[in-house]
Amino acid sequence: MWDRLAASDPGLLRLTAGLRTVTAIALTLAVLGVLGVPVPQLVAGAIAAMVATFAIREKQRSQQAVTLALGLPVALASVSLGALLNQRVVAGDLFFVVLIFCAVYGRRFGDRGTALGLVGFQVYFMSLFVHATPAALPALYAVISVAFGCAAVARFVLLPQTPAGTLDRLRRAFRARLGQLFGTQLELLDAGPDDVDKVLGELRTRTARLHETALMIQGRLTDGTSDEATARLLQRRIADAEIAAERLGLLLLTARSAERTDTLTLHLPGAPLPSGGELPVRDGATAQLRRDLAALRLLVLRPAGEASGTALAHVRNRLLGYREEENLPKASPAVQDVFRGIGEAGRAVLGLRIALDGPQDESDDSPATARSREELDAEDAAIGGSEEAAAEKPEPDGLGRPTTRAAVQVAVGSAIAIAGGELLSSQRWYWAVLTCWIVFINTSSTGEILVKGYRRLLGTVLGVVAGIVLAGLVGNHTWTAFALVLLFVFAMFYTAPLSYTLMSFFVTAMLGLLYTLLNTYSLSVLVLRVEETALGAACGVIAAAVVLPIHTDRRTNDLLVDVLEKLAEVTRAAADQLSGGPPVDLVDKARELDQALADLRAATQPLTHPVTPMRSRRDTARYVMALLETCAYHARSLAATAELLPTHPSIAADPRLRTAGRRIVGNIDAIAAHVADPRSAATVETGPSIASLLEPGTLRSPRYGRVTDRVLRHLQRLDEAVSGLGRPLGVTPEPRGR
């Protein structure tokens with residue numbers, strides 16, 4: 001059960017965020033309740049405690065403490081201005097627009113600027129919500145101070161979270177998700193023809209979740225490890241395990257089909273397994289395969305304290321033995337490839353176990369296991385080396401800066417929302433402004449804002465229905481209502497990264513209870529909430545579409561060019577190193593490619609959303625993303641293989657690979673040039689296969705001389721995927737001779 005929780009919430013980040021916020025609010029309510037403050041101030045304290053908790057995003061505790069300390073005077077100034085300007089309509093509205101602009105513009109100053117902007121905006125909103133007056137300011141100062149103090153106690157005393165602890169929980173989550181992926185691969189082995197597509201969908205989902213966890217670990221390595229060498233070692237072992245698991249899944253898919261499965265099958269949603277069926281062999285080899293997949297999953301999931309003993313050593317020795325040709329069982333070539341994949345996955349699991357849990361008992365090692373340990377030790381010794389400074393792209397100035405553009409857009413949208421909200425209600429116009437503000441958070445294009453506004457409106461409508469039911473049930477029971485508010489706050493933060501619609505539902509249901517506490521609840525108020533939400537979302541979309549717009553096509557094209565540039569960089573560096581060039585930090589380059597691809601995937605959500613009316617465009621976007629995922633997988637694998645050159649006895653540099661890599665990189669550059677400028681005359685070069693680009697005598701050797709067959713397969717698949725990428729993006733192929 002703990003593994004399932006760790007896998008569902010990597011690093012327990014959502015659980016911690018929800019518990020910490022609820023604890024801060026509960027402490028605040030307890031202190032204020034003892035002091036006997038009235039209900040409106042209880043509501044103000046709860047909102048202030050929530051803001052003081054969720055606004056802070058820094059990873060280091062010292063930075064969090066400084067931001068929290070700076071947030072208190074910002075909150076006091078904001079509530080003061082809110083109380084003073086509450087009765088001055090024009091001045092108050094103008095200041096609110098300026099405050100919104102400053103809060104959004106503050107994002108350019110990093111996490112601290114973002115946090116202080118959130119505190120300023122949300123506390124000003126709170127002053128409007130509780131109808132703060134100048135006479136109530138001394139009491140509100142005390143309430144906000146108590147809220148910030150309780151938020152500090154919850155963050156630093158009751159529920160502390162250190163970078164090292166978060167990284168440790170993320171590593172546990174990676175191991176749990178790796179075990180789940182191996183379990184799904186075991187299901188794929190036994191799935192009948194009627195179930196194979198369902199299991200294949202689960203395989204895609206769990207492969208993507210493993211990749212997501214690897215990226216989360218990448219983002220916390222620097223803060224969560226003691227030194228650079230430890231961070232690089234863990235990064236390498238995580239990458240090895242991820243690549244080995246993904247490769248094993250592809251080998252299983254190939255064993256189930258009549259011909260080699262294209263890598264695209266694992267990355268394109270809804271793609272069926274070509275020539276799907278049961279394994280062509282139903283003898284002892286298949287039973288042995290089932291047993292060894294279960295053993296591999298066991299080795300991953302076994303806790304560190306129980307990962308010892310002769311029995312487990314025997315299992316590990318057997319799995320690592322499949323890395324030797326003489327230990328492979330008699331079966332079809334495709335099934336033998338699966339056993340080789342199990343051996344490589346076993347080696348990756350061994351390396352991951354050593355990196356996470358320290359040295360292991362070696363007394364029962366077989367010769368194959370001892371060789372694997374020697375390879376891992378040699379790699380560990382080679383890890384370190386040079387560290388290249390990442391070249392940062394110059395940030396545009398003025399209105400071209402993303403933070404400036406977003407600040408102008410949200411300020412204009414908020415001004416429209418204020419005007420429209422006043423027409424709907426002179427008392428609760430601020431709900432339209434809040435929605436307009438929220439739909440701009442973490443969005444970068446008009447399409448993203450449109451999708452977010454739609455999700456917020458849907459969640460609000462459903463939340464209004466729940467709020468009506470709950471308000472009738474709770475009645476005048478104040479502390480019951482506060483208990484439900486705490487429950488909804490936890491659910492809001494726990495579901496926020498998963499579903500914006502669910503988060504909006506819990507927010508609106510909670511507001512229904514708060515209105516009940518303030519004795520302002522009525523059905524008309526909740527209906528007005530829906531109207532104001534729709535108005536705010538519409539104002540946000542209008543502002544994004546009219547004021548300094550960044551259309552979804554432009555945004556996705558910019559990110560696509562960035563992905564292609566990083567793909568070309570990884571491919572070029574890997575091919576050069578495999579050809580005998582100087583070593584470079586390939587794992588870091590591969591992770592930069594993965595992060596760029598994750599940004600593009602998020603930006604294409606408006607194009608791939610189920611409700612989009614442009615079906616052909618949605619299918620094209622999904623196909624392009626699947627091809628890019630395929631390219632990234634092969635580039636990662638090439639990078640990992642290239643980094644083995646100094647230590648792995650069966651891999652040696654071959655200068656002929658530079659020629660093969662040159663064509664692939666040239667095609668990637670041509671596609672990137674066409675995406676950046678459709679008038680570009682760049683074309684994709686097609687021609688003979690990668691293997692035929694090498695010297696004719698090479699193919700006579702069963703393992704292609706000094707170049708392993710795996711490197712050639714990755715290059716060939718990458719070449720095919722890049723060529724295929726040119727077609728949906730409108731790049732003309734140009735056949736070439738040898």
Side-chain angles (χ1 to χ4, degrees), residues 47 78 81-104 120-133 406-441 443 446 449-465 467-468 471 504 507-512 514-516 518-549:
I47 295 176
S78 184
L81 290 167
L84 293 173
L85 298 175
N86 194 16
Q87 302 302 321
R88 295 171 175 82
V89 177
V90 176
D93 291 350
L94 289 176
F95 174 76
F96 203 9
V97 172
V98 172
L99 176 63
I100 289 170
F101 176 87
C102 294
V104 177
F121 172 84
Q122 296 287 0
V123 172
Y124 190 89
F125 171 83
M126 179 268 290
S127 70
L128 300 176
F129 184 73
V130 299
H131 303 290
T133 61
V408 173
Q409 288 177 327
V410 73
V412 172
S414 298
I416 301 173
I418 288 173
E422 290 277 9
L423 294 176
L424 284 176
S425 170
S426 60
Q427 298 295 319
R428 295 182 177 84
W429 52 269
Y430 43 79
W431 288 121
V433 182
L434 180 67
T435 299
C436 183
W437 153 277
I438 288 178
V439 297
F440 272 94
I441 295 177
T443 53
T446 307
I449 292 171
L450 180 62
V451 170
K452 194 170 184 179
Y454 151 77
R455 289 172 175 169
R456 183 168 181 83
L457 182 59
L458 177 61
T460 300
V461 171
L462 297 175
V464 163
V465 177
I468 293 172
S504 300
V507 168
T508 305
M510 177 188 68
L511 288 173
L514 292 180
Y515 279 133
T516 303
L518 294 173
N519 294 319
T520 56
Y521 168 78
S522 68
L523 179 59
S524 61
V525 168
L526 291 182
V527 172
L528 178 64
R529 160 85 170 140
V530 175
E531 295 172 346
E532 296 278 3
T533 299
L535 174 64
C539 291
V541 172
I542 292 171
V546 175
V547 182
L548 304 174

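Throughout, numbering of the chain's residues begins at 1 and tracks the sequence. Please read these numbers as outputs of a predicted model, since none were measured by experiment.
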Quiz item: Run the side chain to side chain contact (heavy atoms under 4.5 Å, CB included) check on Leu535 and Trp429 step by step: do they pass?
Solution: CA-CA 10 Å; Leu535 174 64; Trp429 52 269; over 6 Å; no
Practice problem: Over all heavy atoms of both residues, which pair between Ala411 and Val97 is shortest? Give the atoms and the distance, please. | Solution: O-CG1, 3.7 Å
Quiz item: Going from NZ on Lys452 to OG1 on Thr435, what distance comes out if it is rounded to the nearest 0.5 angstrom?
Solution: 11.0 Å
Self-check item: Considering all heavy atoms, the nearest Gly413-Cys436 contact
Solution: C-SG, 3.5 Å
Exercise. Only counting residues at least two apart or in another chain, list the ones meeting side chain to side chain donor-acceptor pair (under 3.5 Å) with Thr508.
Key: Arg529
Self-check item: Test log, rule side chain to side chain contact (heavy atoms under 4.5 Å, CB included), inputs Glu531 and Leu528
Solution: CA-CA 5 Å; Glu531 295 172 346; Leu528 178 64; 3.7 Å; yes
Exercise. Evaluate side chain to side chain contact (heavy atoms under 4.5 Å, CB included) for Leu85 paired with Asp93, printing each intermediate quantity in order.
Key: CA-CA 8 Å; Leu85 298 175; Asp93 291 350; over 6 Å; no
Self-check item: Least distance between heavy atoms, Ala432 atom then Glu532 atom
Solution: CB-OE1, 3.2 Å
Quiz prompt | Distance (rounded to the nearest 0.5 Å) between Leu423 CG and Ile418 CD1 | solution = 12.0 Å
Quiz prompt | Any pair counted as side-chain hydrogen bond (donor to acceptor under 3.5 Å, both in side chains), so long as it reaches residues 412-425, sequence neighbours left out | solution = none
Quiz item: Roughly how far apart are Ile47 CD1 and Gln122 CD, rounded to 0.5 Å?
Solution: 9.0 Å
Practice problem: Please confirm whether the backbone N or O of Tyr124 pairs with a side-chain atom of Ser127, one donor and one acceptor, at under 3.5 Å? | Solution: yes
Quiz prompt | Qualifying residues under side chain to side chain donor-acceptor pair (under 3.5 Å), relative to Trp431, sequence neighbours excluded | solution = Tyr515
Quiz item: Do the ring centers of Tyr430 and Phe96 come within less than 6.0 Å of each other?
Solution: no
Quiz prompt | Nearest-0.5 Å distance that lies between atom CG in Leu84 and atom OG1 in Thr133 | solution = 10.0 Å
Self-check item: Nearest-0.5 Å distance, CZ of residue Phe95 to SG of residue Cys102
Solution: 8.0 Å
Practice problem: Can you see which heavy atom on Asn86 is nearest to which on Ala132, and at what distance? | Solution: ND2-O, 3.4 Å
